[in-house]
Peer 1: 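Okay, here's the structure, questions in a sec.
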Amino acid sequence: MDAIMSLCKRRGFVYQTSEIYGGINGFWDYGPLGTLLKRNLREAWVQDVVMNPCWGRNGPDGQPVEMVMVDTRIIQHPKVWKASGHVDGFNDPMVDCRETRGRYRYDHVQVFVPASGDAGDKPTFAYVGDQPSEAKQRKKAEKTFGQVKSVALSSLPQPWDRVIAPDAEKPGSLTEPRMFNLMFDTVPGAIRDEANKAYLRPETAQGIFVQAKNVWDTNRVRVPFGIAQTGPSFRNEVTPRNFTFRSREFEQMEIEFFVVPPEHLEGEEKTKSDPMDWYRFFRDWRMEWWKSIGLGGENLILREHEKDELAHYSQATSDIEYRFPFTSPGFGELEGIAYRGNFDLTQHQKHSGTKLEFRDTTRGDVLPNGSRRGVAYIPHVIEPSAGLDRGVLALLCEAYTIDPARPSPEFMKFHPRVAPIKAAVFPLVDKDGMPEVAAKLHAELKKKFGHLGMIETDAKQSIGKRYARMDEAGCPFCFTVDGDTLKDQTVTVRDRDTGAQQRIAMDKVAAFVGEKLGL
RNA sequence: GCGGGCGUAGCUCAGUGGUAGAGCGUCAGCCUUCCAAGCUGAACGUCAGGGGUUCAAGUCCCCUCGCCCGCUCCA
């Protein structure tokens, strides 16, 4: 990993944010090559997800997959995060239970102690008011102490060695209270007033959910269809770690794909295009997609979550994971695909008071004129949520190759589609008319492919050095103008991965590059 | 959050309390007809930051920041 980080700095892929001031924990910048790599990855996603969804494949319902895009703000109404659960989950001090993995708001946890207040060596019984744990723990406490009274957990001295957590069996499982400032906050408005506190989004998904109604009201889309979005999100990670993997500012590429709830499916839809069918469809296709941009092999796995790993509202979730050098032999998450039911839209409907039902006019009773009456429902959702910066990191790790047998042992094996530099044109030597011919070819390629990535040219120093530089930058093809070019209008093309050369006609170079880029 | 390691040129790293170093890379020139070749020269340092001890600190002490590793945690 150190070698990869060193190359990233040396070649201008990734720099530490504000490095000249000592850096800032959890933030990384991209240099010229890294910026293009990231842009190419995002563009590939937009192209394959939105412009030509799922490579033109039909969904499980036999119809083309429909997808539109939105661009929502980093700052949303604070209630969005109340509804999504992010505020409650992460803005208050919480205590965790090591035994049950439960998490409780610190200020909600009460404890039954003897009426005398002194429990001696006996354990006391924590509970949360109005929860099942209250009656259960009261019963146990009364059995132990007889007369009991209730005190706040915060009034007891730490560590709570003899406190039995609300849903636990053994004492001492509660952690110290911790403040989870997951979300960054800010105050819109010129005058700083805490009452106006807003948050930087911890995920792009909620922006999609809260605009879903606008999208289906104004765009002639109908369920099933998806809304996609890319953009930055912010999480105040407790421990930023592992280069850019866990950053506090990071970019996501998310799809919320809305599908018909199971109870409204008719006939063979029930066995063909149930939400779980869509879930599997996206899970498998997303896996194929990552492979298609160069992450094939044993470093990429699909991991289905166990039942006890699932969030309470999700019926199925899987992760696409990559074996990063720092996670090896384990894996790190690149993308999560979750079937979230109608949890999010239901939450926003409840908190906003706005009906978020989709009126599906292809269903319901048949009317005398043959049309359908229509039914209204809150769509279910499949959420493929990918990390763009994590994708970039995976591409960097996967591309990094060392082959001591080569003159330039260290090189970046980017798939041509994501490579920041698409091609380079060199005169073999800087004389005898070669520079002029190379300049002309360079200009031609730049005009044709410059919008996809850099097209380089360089006449300085030895040809081996120039090849080596391109290898480190991950440029897949180098075209070299030599003495023969002047006689027969051919150039050599050198393949980055093998070093092999072939000779092709100069007027075929553009077609060659186009083909390799998949155009 | 706890523990460990590290921080000196763009990169990799030497550096015994006494003048800031090497290799590679970069740049310029020469040379060069296919793989970091050779020759000549040049530029590049708040020694992570701050404070202290000392006649003198890259070196010793304290604090802070950052990165890596392990544990903990992880929507």
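Only heavy atoms go into these numbers, but all of them, side chains included; no hydrogens, no water, no symmetry mates. Everything numeric in this text was worked out from a predicted model, so none of it was measured.
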Peer 1: Using a heavy-atom cut-off of 4.0 Å across all strands, would you classify A:Ile20 as base, sugar-phosphate, or nothing?
Peer 2: base

Peer 1: What is the nucleic acid contact for A:Phe426, judged by heavy atoms within less than 4.0 Å: base, sugar-phosphate only, or nothing?
Peer 2: nothing

Peer 1: Does A:Arg406 qualify as a cation-pi partner of A:Phe411, given the criterion of NZ or CZ under 6.0 Å from the six-membered ring centre and within 45 degrees of its axis?
Peer 2: yes

Peer 1: With hydrogens left out and only the distance checked, is there a donor-acceptor pair under 3.5 Å joining A:Arg494's side chain and the base of B:C35?
Peer 2: yes

Peer 1: If you look at every strand shown and take non-hydrogen atoms under 4.0 Å, does A:Gln16 touch a base, only sugar-phosphate, or nothing?
Peer 2: sugar-phosphate

Peer 1: For A:Gly26, report the nucleic acid contact type (base, sugar-phosphate, nothing); a contact means any heavy atom under 4.0 Å.
Peer 2: sugar-phosphate

Peer 1: B:A28 phosphate, OP1 or OP2: any side-chain N/O from A:Lys460 under 4.0 angstrom?
Peer 2: yes

Peer 1: Check the angle between the aromatic planes of A:Phe426 and A:Tyr467 and answer parallel, tilted or perpendicular using the 30° and 60° thresholds.
Peer 2: tilted

Peer 1: Looking only at atom C1', what distance separates B:A20 and B:C61, rounded to whole Å?
Peer 2: 23 Å

Peer 1: Would you call A:Glu256 and A:Arg340 a salt bridge, using N to O less than 4.0 angstrom?
Peer 2: no

Peer 1: B:C65 base to A:Tyr21 side chain: any donor-acceptor pair below 3.5 Å?
Peer 2: no

Peer 1: Determine the interatomic distance between P on B:C30 and the same-named atom on B:C47; round to the nearest Å.
Peer 2: 38 Å

Peer 1: Would you indicate what A:Arg466 reaches in the nucleic acid, counting non-hydrogen atoms under 4.0 angstrom: base, sugar-phosphate, or nothing?
Peer 2: nothing

Peer 1: Establish, with yes or no, whether the OP1 or OP2 oxygen of B:C34 is under 4.0 angstrom from a side-chain nitrogen or oxygen of A:Thr480.
Peer 2: no

Peer 1: Taking distance alone, no hydrogens or angles, what donor-acceptor pairs closer than 3.5 Å link side-chain atoms of residues 429-442 of chain A to residues at least two apart or in another chain?
Peer 2:
| from | atom 1 | to | atom 2 | distance (Å) |
| --- | --- | --- | --- | --- |
| A:His442 | NE2 | A:Ile455 | O | 2.8 |

Peer 1: Give a yes or no on whether a donor-acceptor pair under 3.5 Å exists between the nucleobase atoms of B:C68, that is its base, and the side chain of A:Asp2.
Peer 2: no

Peer 1: In whole Å, measure the gap between the P atoms of B:C6 and B:C13 for me.
Peer 2: 13 Å

Peer 1: Could you pull out all residues at least two apart from A:Ser84 that satisfy side chain to side chain donor-acceptor pair (under 3.5 Å)?
Peer 2: A:His86

Peer 1: Quote, to the nearest angstrom, the C1' distance that separates B:U26 from B:G7.
Peer 2: 23 Å

Peer 1: Can you check the distance between B:U59 and B:A14, where both ends of the measurement are the C1' atom (answer in whole Å)?
Peer 2: 13 Å

Peer 1: When all nucleic acid strands are considered with a 4.0 Å heavy-atom cut-off, which category describes A:Asp471: base, sugar-phosphate, or nothing?
Peer 2: nothing

Peer 1: If you take atom types as modelled and just measure distance, does the side chain of A:Ser408 reach the base of B:C35 with a donor-acceptor pair under 3.5 Å?
Peer 2: no

Peer 1: Once you apply a heavy-atom cut-off of 4.0 Å, does A:Gly22 come out as touching a base, just sugar-phosphate, or nothing?
Peer 2: sugar-phosphate

Peer 1: Looking at A:Asp185 and A:Lys197, is any side-chain nitrogen of the basic one under 4.0 Å from a carboxylate oxygen of the acidic one?
Peer 2: yes

Peer 1: Using atom P in both nucleotides, what's the gap between B:C67 and B:U12 to the nearest angstrom?
Peer 2: 16 Å

Peer 1: Distance between the C1' atoms of B:A28 and B:U16, in whole angstroms?
Peer 2: 39 Å

Peer 1: Just checking A:Asn242: base, sugar-phosphate only, or nothing, at a heavy-atom cut-off of under 4.0 Å?
Peer 2: sugar-phosphate

Peer 1: Base, sugar-phosphate or nothing for A:Glu333? Non-hydrogen atoms, less than 4.0 Å.
Peer 2: base

Peer 1: For residues 384-395 of chain A, which residues have at least one heavy atom under 4.0 Å from RNA chain B?
Peer 2: none

Peer 1: Between A:Arg303 and A:Glu333, is the closest basic N to carboxylate O distance under 4.0 Å?
Peer 2: no

Peer 1: Does a salt bridge link A:Glu321 with A:Arg390, judged by any charged N lying under 4.0 Å from a carboxylate O?
Peer 2: no

Peer 1: For B:U40 versus B:C31, give the span between their C1' atoms, rounded off to a whole number of Å.
Peer 2: 11 Å

Peer 1: What contact category does A:Met434 fall into here, base, sugar-phosphate, or nothing, at under 4.0 angstrom with non-hydrogen atoms?
Peer 2: base

Peer 1: Looking at A:Lys413 and A:Glu398, is there a salt bridge between them, counting it only when a charged N and a carboxylate O are closer than 4.0 Å?
Peer 2: no

Peer 1: Has the side chain of A:Arg11 got a donor or acceptor atom sitting under 3.5 Å from an opposite partner on the base of B:G25?
Peer 2: no

Peer 1: I'd like to know if A:Glu472 reaches the base of B:A36 with its side chain such that a donor and an acceptor end up less than 3.5 angstrom apart.
Peer 2: yes

